Amino acid sequence: MFECRLPKAEVLKKTMDALKDLIKEAVWDVSAQGLSLQSMDSSHVSLVQVTLRTEGFDTFRCDKNIALGVNMDTMQKLMKCASNDDNITLKSEDNGDLLSLIFESPNGEKTSEYEMKLMDLDIEQLGIPDQEYSCTIKMPSGEFQRICRDLSNIGESVNITVVKGGVDFSAKGDIGNAKIHVTESSNVDNEKDAVTVEVNEPVNLTFALRYLNFFTKATPLSGQVSLSISPDVPLVVAYEIEDLGHVKYFLAPKIEN
Amino acid sequence: EKKQKSILSFFNKT
């Protein structure tokens with residue numbers, strides 16, 4: 001038996017919004033540690049990894065590890081039936097083929113129960129190595145979203161150059177070129193507005209904006225985003241979900257032939 | 001011209 005309850009459906013609605021354009025089907029792995037999901041996009045260019053830790057739930061019961069195969073579109077549609085303030089309970093039997101989603105209004109006067117058919121999915125799991133990165137940039141998530149969106153008007157790729165104290169995002173295309181320079185904040189009252197740039201060694205890498213724009217669908221989950229970059233390895237774009245976990249995206253770089 | 005690498009070039013299947 002698996003059953004968990006979150007005080008606000010909003011966070012799970014936002015999590016589904018962050019995933020559904022990138023992946024069509026996925027498996028939620030349920031264990032005593034919480035819920036987790038890992039999936040590549042269909043082109044095998046990027047990977048998304050989600051962790052929602054047990055401690056962030058109101059209640060969490062998992063008698064036995066289970067895998068819930070879901071169609072992301074369907075789950076997102078059903079999640080949309082919840083109001084942001086509703087509390088939400090997810091429930092499934094150990095060998096069941098249904099996931100129950102129960103939404104309860106804050107005043108307890110309305111309870112909605114939806115049952116979603118689960119899928120038997122065989123999704124390849126990749127080992128994500130723990131590693132140190134040459135550069136880590138933290139910046140307001142809305143600012144990163146804006147940069148990716150704006151540069152998409154110019155080209156298909158963004159070149160990210162990180163040096164001490166700042167980062168350049170640049171794009172080239174048939175209509176012209178663009179360069180956006182973001183400087184590390186010197187003094188910030190509100191942590192969410194801060195830009196921090198940690199540089200062990202300067203890096204310069206190119207990534208497809210199409211995928212970065214998919215990743216920025218996670219913007220409503222967190223005021224800040226972190227970008228971890230090292231030469232010739234996937235970029236990590238991470239959004240922390242306060243008190244609950246994170247959504248991390250990994251994007252393979254574009255490299256000279 | 002830069003070529004898009006696959007994520008599978010970096011992470012192994014488990």
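Since this is a predicted model, take the numbers as computed values, not measurements. The sequence lines fix the lettering, A, B, ..., with proteins before strands; numbering per chain opens at 1.
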What heavy-atom pair brings Pro234(A) and Phe11(B) nearest, and what distance separates the two atoms?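 Taking Pro234(A) first and Phe11(B) second, the nearest heavy atoms are CG-CZ, 4.0 Å.
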Can you tell me if Lys24(A) has over 12 outside heavy atoms packed within less than 6.0 Å of its NZ?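 More than 12 heavy atoms, drawn from other residues, nucleotides or ligands, come within 6.0 Å of this atom.
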Tell me the residues of residues 142-151 of chain A whose non-hydrogen atoms fall below 4.5 Å from those of chain B, in number order. none
Counting only pairs under 3.5 Å, give me each side-chain donor-acceptor contact of residues 11-22 of chain A, with atom names and distances, residues two or more places apart or in other chains.
| unit_1 | atom_1 | unit_2 | atom_2 | d |
| --- | --- | --- | --- | --- |
| Lys13(A) | NZ | Ala82(A) | O | 2.6 |
| Lys13(A) | NZ | Asn84(A) | OD1 | 3.1 |
| Lys14(A) | NZ | Glu10(A) | OE2 | 3.4 |
| Lys14(A) | NZ | Pro220(A) | O | 3.3 |
| Thr15(A) | OG1 | Val11(A) | O | 2.7 |
| Asp17(A) | OD1 | Gln76(A) | NE2 | 2.6 |
| Asp21(A) | OD2 | Lys217(A) | NZ | 2.9 |

To the nearest 0.5 Å, what is the distance between CG (Leu251(A)) and CZ (Phe10(B))? 9.5 Å
Beyond-backbone contact of Val45(A) with Ile7(B), side-chain heavy atoms, under 4.5 angstrom: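 Counting from C-beta outward, Val45(A) and Ile7(B) never come under 4.5 Å.
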My understanding is that only residues two or more places apart in sequence, or in another chain, count here; which of them pass salt bridge (Lys or Arg N to Asp or Glu O under 4.0 Å) with Glu198(A)?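 Glu198(A): no salt bridge (Lys or Arg N to Asp or Glu O under 4.0 Å) contacts found.
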Show the pairs of one donor and one acceptor atom, one from chain A and one from chain B, lying under 3.5 Å apart.
| unit_1 | atom_1 | unit_2 | atom_2 | d |
| --- | --- | --- | --- | --- |
| His44(A) | O | Ser6(B) | OG | 3.1 |
| His44(A) | O | Ile7(B) | N | 2.8 |
| Glu124(A) | OE2 | Lys13(B) | NZ | 3.0 |
| Gln125(A) | O | Thr14(B) | N | 2.8 |
| Gln125(A) | O | Thr14(B) | OG1 | 3.0 |
| Gly127(A) | N | Asn12(B) | O | 2.8 |
| Thr206(A) | OG1 | Lys2(B) | NZ | 3.1 |
| Ala252(A) | O | Gln4(B) | NE2 | 2.9 |
| Pro253(A) | O | Lys5(B) | N | 3.1 |
| Ile255(A) | N | Lys3(B) | O | 2.8 |
| Ile255(A) | O | Lys3(B) | N | 2.7 |

